[in-house]
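Working notes, structure below.
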Protein chains: 2
Amino acid sequence: MASGYPPSMLSRVSFVLGKLHLRCLERESGELGALGIDVKQHAVLSVLADEGPMTQQELGQRLGIDRTTIVTVVDGLDRAGLLERRRSPTDRRAHLLTLTPAGRHTQQQGQHRVADAERALLGTLDETERRTLIDLLSRALDGR
Amino acid sequence: MASGYPPSMLSRVSFVLGKLHLRCLERESGELGALGIDVKQHAVLSVLADEGPMTQQELGQRLGIDRTTIVTVVDGLDRAGLLERRRSPTDRRAHLLTLTPAGRHTQQQGQHRVADAERALLGTLDETERRTLIDLLSRALDGR
DNA sequence: TATTGTTATACTCTATAACTATA
DNA sequence: TATAGTTATAGAGTATAACAATA
């Protein structure tokens, strides 16, 4: 099970974060690919499921993604019928992204698959350690 | 200090790993940039400092980087006089990468700066939590 | 004038294929 | 035949600049 990485690299935060992130993406991509979406698209579905309809601009700010990048992600979800771009009644420039029933369903299926992927990724840790890790990571990112 | 990321995203391993990794790279790049090297180059210097001379092939395997990617990284270090490409006495195809005194010095300076960057990155955690986080991350990656 | 969504474009990072010199 | 290093190239991923519609 040993990875073969140099011991000194394993205490390097950027190195470990990068490698683990890569492995995580591979697993989640595999799981979500079976549903016809990628990791970023599932993140979009999840934010809309949690917070309701919002504009592409708002969505990009939430996820820390440029609005030009959002376009392509949303294009795919739109074509797949998982969300709709509705004109905002208060601002005709903006699209109010709204989940379809299919989008809500796919989001939930994806949620389970992502959870499986994460559990497998962190398989060498027990349940308590996994919770601790996620807690520390999110606090490091968010400042509580 | 709150990041503004959606709460549901903060429990998503791939999301948190990715964002934190990005932030880490930005900080470390800033610190190491003052020494004229980037994050990957400092990783190369560190492996050579820890394990002694090795070929580009071996280095790539250690770091999980393709040998074609190694070329550019080593080119920069070579031009900066931080390492030398010596012909292997046993295999004239291979380059034995060997640190120069300047390379060893830069590696050590970089080590301190990287440590500073990591401490700042994880500033919302206390010392015990930082150690726990790094331990859990490295064990998740390496399988102990 | 400023902003939303969009497109075209460029830049970074990384890997694949093909070459050379050795083995 | 196979391997180490190299080069050229192509593919992701993401950002910047400019445009149309609207505010």
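The analysis underlying the following values was restricted to heavy atoms, covering all of them including side chains, and did not include hydrogens, waters or symmetry mates. In what follows, every chain begins at residue 1, and chains take the letters A, B, ... in the order their sequences are listed.
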Nucleotide by nucleotide, nucleotides 2-12 of chain D touches protein heavy atoms under 4.0 Å in the pattern (B base, S sugar-phosphate only, - none) BBBBBB-----

What is the separation between atom CG on D66(A) and atom P on dA17(D), rounded to the nearest whole Å?
11 Å

Roughly how many Å is it from CD1 in I65(A) to P in dT6(C), rounded to a whole number?
15 Å

L22(B) CG - dT12(C) C1' separation (whole Å):
12 Å

Is R139(B) paired with D135(B) through a side-chain N to carboxylate O contact shorter than 4.0 Å?
yes

Any salt bridge between R62(B) and D50(B), counting N to O under 4.0 Å?
no

Between T69(A) and T90(A), just flag the one whose closest nucleotide in DNA chain D comes earlier from the 5' side.
T69(A)

Assign the ring pair Y5(B) / F15(B) to parallel, tilted or perpendicular, where the plane angle (0 to 90°) is split at 30° and 60°.
perpendicular

E26(A) CD to dA15(C) C1', straight-line distance once rounded to whole Å
13 Å

Between R113(A) and D116(A), does a salt bridge (charged side-chain N to carboxylate O under 4.0 Å, His left out) hold up when you go through it step by step?
CA-CA 5 Å; R113(A) 286 172 169 269; D116(A) 288 346; over 6 Å; no

For atom CG of L77(A) and atom P of dG5(C), their distance in whole Å
15 Å

Using whole Å, what does the distance between atom P of nucleotide dT4(C) and atom CD1 of I70(A) come to?
13 Å

Spacing of CD belonging to Q107(A) relative to CG belonging to L77(A), to within rounding of 0.5 Å:
11.5 Å

Scan side-chain atoms only and decide if Q61(B) and R67(B) contain a donor-acceptor pair under the 3.5 Å cut-off.
no

Please report, rounded to the nearest Å, how far the C1' atom of dC11(C) is from the CG atom of D38(B).
16 Å

